[in-house]
Amino acid sequence: MDETLAEFIKRTILKIPMTEMMTVLKAWDFLSEKQLQTVNFRQRKESLVHDLVLLCEEKRASVHDAALLDIICEDIDLFDMEQFKSSFVKILRRALRNVTVSFRDAEENSVWIRIAWGTQYRKPNQYKPVYVVYYSQTPYVFTSSCQLKSNIPLLGQALTVASNHHKIVKMDLRSRYLDSLKAIVFKQYNRNFETHNTTVPLQERTLELDIHMDSRIIHENRIEKERVQRVTQETFGDYPQPRLEFAQYKLETKFKSDFNGDILAERKEPLRCLIKFSSPHLLEALKALAPAGIADAPLSPLLTCIPNKGMNYFKIRDK
């Protein structure tokens with residue numbers, strides 16, 4: 001397969017949204033199921049396309065094969081980014097005349113949107129813009145904080161209509177690190193962040209023990225440390241965690257007492273409190289608690305469920 005044909009196949013595959021990639025490739029029926037299973041579809045799109053083109057070269061794709069792929073791509077309902085941009089701007093300006101919107105296309109079928117809000121009587125404030133990152137054909141949008149809270153419903157409406165989704169649900173997940181938010185939302189953190197060697201058995205890892213300690217204590221310590229390491233690895237995995245700075249828990253509970261006439265037990269309103277865990281790298285800090293001997297293993301599910309639930313704001317009420 002020559003370079004011209006390889007480039008054509010590359011450009012054709014790049015046009016396919018990640019959410020439609022497997023569907024299109026199976027419809028093409030050029031690469032076998034076994035070949036597709038060797039490809040990591042969770043990696044960045046550029047890397048994925050590179051791997052797919054290599055497979056096409058190995059199988060010696062012809063011009064006819066490439067043309068068939070192009071026809072299939074034309075048949076499916078591909079997302080039109082230009083139509084999205086046009087519709088998004090029209091919806092905003094229909095409701096608010098003084099607004100400035102700028103776009104920048106990015107990798108993985110995403111677009112960065114910069115919005116400077118104004119009012120009916122004031123020009124847009126260019127010093128306090130809102131930044132939005134939208135991934136095409138998904139219901140996920142990442143936004144920076146918005147100074148004008150009254151404009152948030154308008155922003156949500158514009159995104160929902162322009163993206164052709166029925167609704168975009170707000171997630172209780174915040175961080176300053178977009179890659180970490182994206183990894184949690186798309187369930188990619190066990191791949192995108194993986195850098196550690198996971199093939200080393202637990203019993204082969206070094207355990208810091210005092211050589212002058214009683215051998216029976218050393219044995220018990222070793223077994224317990226191996227148990228803690230195993231439980232920690234099962235809970236968090238053996239890879240770096242997505243980066244979040246805090247987790248917040250709002251608790252609402254009623255006081256329970258066996259004594260009659262207790263003032264708190266008679267209180268109708270629930271007791272409310274706010275608990276906040278903060279750290280420059282919260283999930284890594286939580287991961288280190290049990291191995292450091294600061295907490296028992298396993299940790300509470302309320303702490304370990306953050307990546308799986310995709311949230312770091314929790315409201316806990318009595319059942």
Side-chain angles (χ1 to χ4, degrees), residues 1-88 103 105-112 133-142 159-169 179 182-195 198-199 237 239 307-308 310:
M1 188 170 74
D2 60 30
E3 293 182 4
T4 303
L5 183 57
E7 181 64 22
F8 178 79
I9 292 177
K10 176 184 175 181
R11 288 176 179 270
T12 305
I13 298 177
L14 277 171
K15 293 190 298 184
I16 306 171
M18 290 292 284
T19 52
E20 300 287 342
M21 187 66 73
M22 185 61 77
T23 302
V24 172
L25 292 175
K26 286 184 176 180
W28 187 28
D29 199 28
F30 176 72
L31 298 174
S32 67
E33 187 73 27
K34 187 175 181 180
Q35 286 177 306
L36 293 177
Q37 289 175 356
T38 65
V39 180
N40 177 12
F41 283 87
R42 289 179 176 268
Q43 62 185 316
R44 292 185 178 276
K45 191 172 186 179
E46 289 73 12
S47 301
L48 171 61
V49 173
H50 175 74
D51 292 346
L52 291 172
V53 172
L54 286 180
L55 289 177
C56 292
E57 289 179 343
E58 291 176 5
K59 202 170 179 181
R60 297 182 180 180
S62 65
V63 174
H64 173 75
D65 297 319
L68 180 59
L69 175 61
D70 188 46
I71 293 172
I72 294 172
C73 289
E74 291 296 325
D75 285 341
I76 67 170
D77 184 19
L78 293 178
F79 181 80
D80 189 337
M81 184 61 79
E82 295 306 315
Q83 178 62 35
F84 166 82
K85 294 175 184 177
S86 175
S87 177
F88 181 80
F103 298 96
D105 293 332
E107 59 186 11
E108 298 179 336
N109 291 319
S110 65
V111 59
W112 280 73
V133 183
Y134 172 65
Y135 286 82
S136 66
Q137 293 192 318
T138 76
Y140 300 113
V141 179
F142 304 92
L159 288 167
T160 302
V161 174
S163 62
N164 293 320
H165 280 283
H166 296 296
K167 62 179 180 179
I168 294 179
V169 181
D179 284 345
K182 187 178 68 175
I184 291 175
V185 168
F186 293 128
K187 304 297 183 185
Q188 295 175 334
Y189 49 87
N190 60 335
R191 293 181 181 270
N192 285 3
F193 289 80
E194 189 166 2
T195 57
T198 60
T199 61
Y239 42 78
N308 289 332

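Within the 4.5 Å cutoff, side-chain heavy atoms of Phe41 are placed close to those of Leu25. Counting heavy atoms from C-beta outward, Tyr135 and Val185 have side chains that stay 4.5 Å or more apart. Leu159 has its side chain within reach of Phe84: a pair of non-hydrogen atoms, C-beta onward, lies under 4.5 Å apart. Between Lys15 and Asp70 the shortest side-chain heavy-atom distance falls below 4.5 Å. With contacts defined as side-chain heavy-atom distances shorter than 4.5 Å, the pair Leu31/Val39 does not qualify. Looking only at side-chain heavy atoms (C-beta outward), Lys59 and Asp65 stay at 4.5 Å or farther from each other. At a threshold of 4.5 Å between non-hydrogen side-chain atoms, the residues Ile13 and Val24 do not count as touching.
Take Ala66 and apply the side-chain contact (heavy atoms from CB on, under 4.5 Å) test, not counting sequence neighbours, and it matches Leu5, Phe8, Ile9. Here Glu58 pairs with nothing under the side chain to side chain donor-acceptor pair (under 3.5 Å) rule; sequence neighbours left out. Not a single side chain to side chain donor-acceptor pair (under 3.5 Å) links Glu46 to another residue, sequence neighbours left out. For Asp51, the side chain to side chain donor-acceptor pair (under 3.5 Å) partners two or more places apart in sequence, or in a different chain, are Gln43. Considering only residues two or more places apart in sequence or on other chains, Phe103 meets the ring pair (Phe, Tyr, Trp, His ring centres under 6.0 Å) condition with none of them. Residues that satisfy the side chain to side chain donor-acceptor pair (under 3.5 Å) test with Asp105, not counting sequence neighbours, are Lys85.
Between Tyr134 and Phe88, the ring centre distance reaches or exceeds 6.0 Å.
Side-chain N or O atoms of Ser86 include none that pairs as donor or acceptor with a backbone N or O of Gln83 at under 3.5 Å. A donor-acceptor contact shorter than 3.5 Å is absent between the side chain of Lys10 and the backbone of Val49.
The two residues Ala162 and Ser87 have their closest heavy-atom pair at CA-OG, 3.7 Å. Contact between Val111 and Met81 at its shortest, heavy atoms only, is CG1-SD, 3.8 Å. The two residues Ile184 and Pro307 come nearest to each other via the heavy atoms CG2-O, 3.4 Å.
Checked against Trp28 for a side chain to side chain contact (heavy atoms under 4.5 Å, CB included), the options Thr12, Leu69, Ile71 give a single hit: Leu69.
In this structure, Ser62 OG and Phe30 CZ are separated by 7.0 Å, a value rounded to the nearest 0.5 Å. Residue Leu52 holds its CG atom at 10.5 Å from NZ of Lys45, rounded to the nearest 0.5 Å. The distance from atom CD1 of Ile16 to atom CG of Leu14, rounded to the nearest 0.5 Å, is 9.0 Å. The CD atom of Glu57 sits 9.5 Å away from the CG atom of Leu55 when rounded to the nearest 0.5 Å.
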